[in-house]
Amino acid sequence: MSPQHIIPAAMLALAAFSPFHASAADANANPGPVYAGASYGFRTSTGLDCAPGQQDCDKNSKRSAKAYVGYSFDALPFQGGVAVPAIELVGYTGGSVTSGFDTAAGKVAGRGKFNGAGVQGVLAYHFDAFSVSGRAGVAYTKANVDYAAGGSDKENKAGLMYGLGTAYALNKNWSLHLDWDRVPVKYSGSQKTKADMFSLGASYRF
């Protein structure tokens, strides 16, 4: 299975897996600390610029997504709600973006994409069914560019990732999420940038 298909497959697997836990969820009013989720990136801004004279140029990558598994710690009462710290392992796929990329010969038109993974701490504040969260951690991404005139580049990048999110709990197990994540990406030897992923998704608490 190619990397760009892994996370969409994880979303389908999450939806298919949940019915097997339905009876357990009914019997257990308080789900455990482990959860998993997946989101589709409806917009991912790369901060790239078009090459001079480039006709086919789009600074936003297509078909981006993320999937994650997490472990939440004890809730802490705070200002009428509860603060819940957690730790997550997360994987990203950046889809593809057609733009200009910095090279030793200047900005060159091409198509780039990235995949990555990371670990992050999360602090969520829950009030009734709603919650807001902040997260920060480290990510490792692998990117490649295929240039329109021929040739390619492959680069790796390690750096900080961080983001914000909001969620709505449908019940004790399922929640809907709206997230922003900033992920470090290095497309070519001279091209460093950050991908801002805005995504919608769901999570399931086991």
Side-chain angles (χ1 to χ4, degrees), residues 1-44 61 63-76 81-95 114-142 160-184 195-206:
M1 181 179 292
S2 59
Q4 62 265 35
H5 295 142
I6 292 175
I7 292 178
M11 297 175 70
L12 294 175
L14 182 64
F17 189 57
S18 62
F20 294 99
H21 290 266
S23 58
D26 293 339
N28 181 9
N30 296 304
V34 178
Y35 60 93
S39 298
Y40 176 76
F42 61 88
R43 179 181 175 88
T44 301
S61 66
R63 295 183 294 278
S64 58
K66 69 173 182 176
Y68 53 92
V69 59
Y71 183 94
S72 58
F73 300 95
D74 292 341
L76 306 171
V82 291
V84 181
I87 188 168
E88 292 180 354
L89 297 176
V90 58
Y92 296 95
T93 179
F114 74 90
N115 296 285
V119 58
Q120 61 188 1
V122 182
L123 183 61
Y125 179 67
H126 298 256
F127 47 98
D128 296 327
F130 290 93
S131 66
V132 293
S133 62
R135 51 191 174 271
V138 292
Y140 178 79
T141 58
K142 301 177 68 175
L160 294 176
M161 64 177 179
Y162 47 90
L164 298 171
T166 184
Y168 178 78
L170 299 174
N171 51 46
K172 291 183 179 295
N173 298 91
W174 283 102
S175 295
L176 300 177
H177 296 262
L178 174 63
D179 293 330
W180 162 68
D181 293 279
R182 172 164 282 188
V183 185
D196 287 308
M197 181 187 298
F198 298 89
S199 62
L200 286 169
S203 68
Y204 185 86
R205 184 170 294 276
F206 297 91

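The structure presented is a predicted model; accordingly, all values stated were derived computationally and were not measured.
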Quiz item: In Å, rounded to the nearest 0.5 Å, how long is the span from OH of Y40 to CZ of R63?
Solution: 7.5 Å
Quiz item: Who pairs with H126 by side-chain hydrogen bond (donor to acceptor under 3.5 Å, both in side chains), at least two apart in sequence or on another chain?
Solution: none
Self-check item: Counterpart residues, side chain to side chain contact (heavy atoms under 4.5 Å, CB included), relative to A75 (two or more places apart)
Solution: V82, V84
Quiz item: Excluding sequence neighbours, so at least two apart, what forms side chain to side chain contact (heavy atoms under 4.5 Å, CB included) with R135?
Solution: K66, Q120, V122, S133, D179, D181
Quiz item: For the residue pair F42 and F198, does the interplanar ring angle fall in the parallel (under 30°), tilted (30 to 60°) or perpendicular (over 60°) class?
Solution: tilted
Quiz item: Can you check side-chain contact (heavy atoms from CB on, under 4.5 Å) on Y68 and Y92, steps first, answer last?
Solution: CA-CA 9 Å; Y68 53 92; Y92 296 95; over 6 Å; no
Quiz prompt | Pairing residues for D128 by the side chain to side chain contact (heavy atoms under 4.5 Å, CB included) criterion, not counting sequence neighbours | solution = none
Quiz item: How far apart are the closest heavy atoms of A167 and H177, and which atoms are they?
Solution: CB-ND1, 3.5 Å
Quiz item: Mind checking whether R205 and S72 have side chains closer than 4.5 Å, heavy atoms only?
Solution: yes
Quiz item: Listed by chain and number, what are the salt bridge (charged side-chain N to carboxylate O under 4.0 Å, His left out) partners of D196, not counting sequence neighbours?
Solution: R182
Exercise. Might you point out which heavy atoms bring A139 and V183 nearest each other, and give the distance in Å?
Key: CB-CG1, 4.5 Å
Self-check item: Y71: partners by ring-ring contact (aromatic ring centres under 6.0 Å, His included), with sequence neighbours left out
Solution: F73
Self-check item: Euclidean distance, N171 CG relative to Y204 OH, rounded to 0.5 Å
Solution: 8.0 Å
Self-check item: Distance (rounded to the nearest 0.5 Å) between M197 CE and T44 OG1
Solution: 4.5 Å
Quiz item: Quick one: side-chain hydrogen bond (donor to acceptor under 3.5 Å, both in side chains) partners of Y140, sequence neighbours excluded?
Solution: N156
Self-check item: Partner set under side-chain hydrogen bond (donor to acceptor under 3.5 Å, both in side chains) for S199, not counting sequence neighbours
Solution: none
Quiz item: When rounded to the nearest 0.5 angstrom, what distance separates CG in N173 from CZ in F206?
Solution: 9.0 Å
Quiz item: Under the 3.5 angstrom rule, does the side chain of S61 hit a backbone N or O of G94 as a donor-acceptor pair?
Solution: yes
Quiz item: Taking only residues two or more places apart in sequence or in another chain, which ones pass side chain to side chain contact (heavy atoms under 4.5 Å, CB included) with Y125?
Solution: F78, Q79, F127, V132
Exercise. Please identify each residue that fulfils side-chain hydrogen bond (donor to acceptor under 3.5 Å, both in side chains) with T141, with sequence neighbours left out.
Key: none
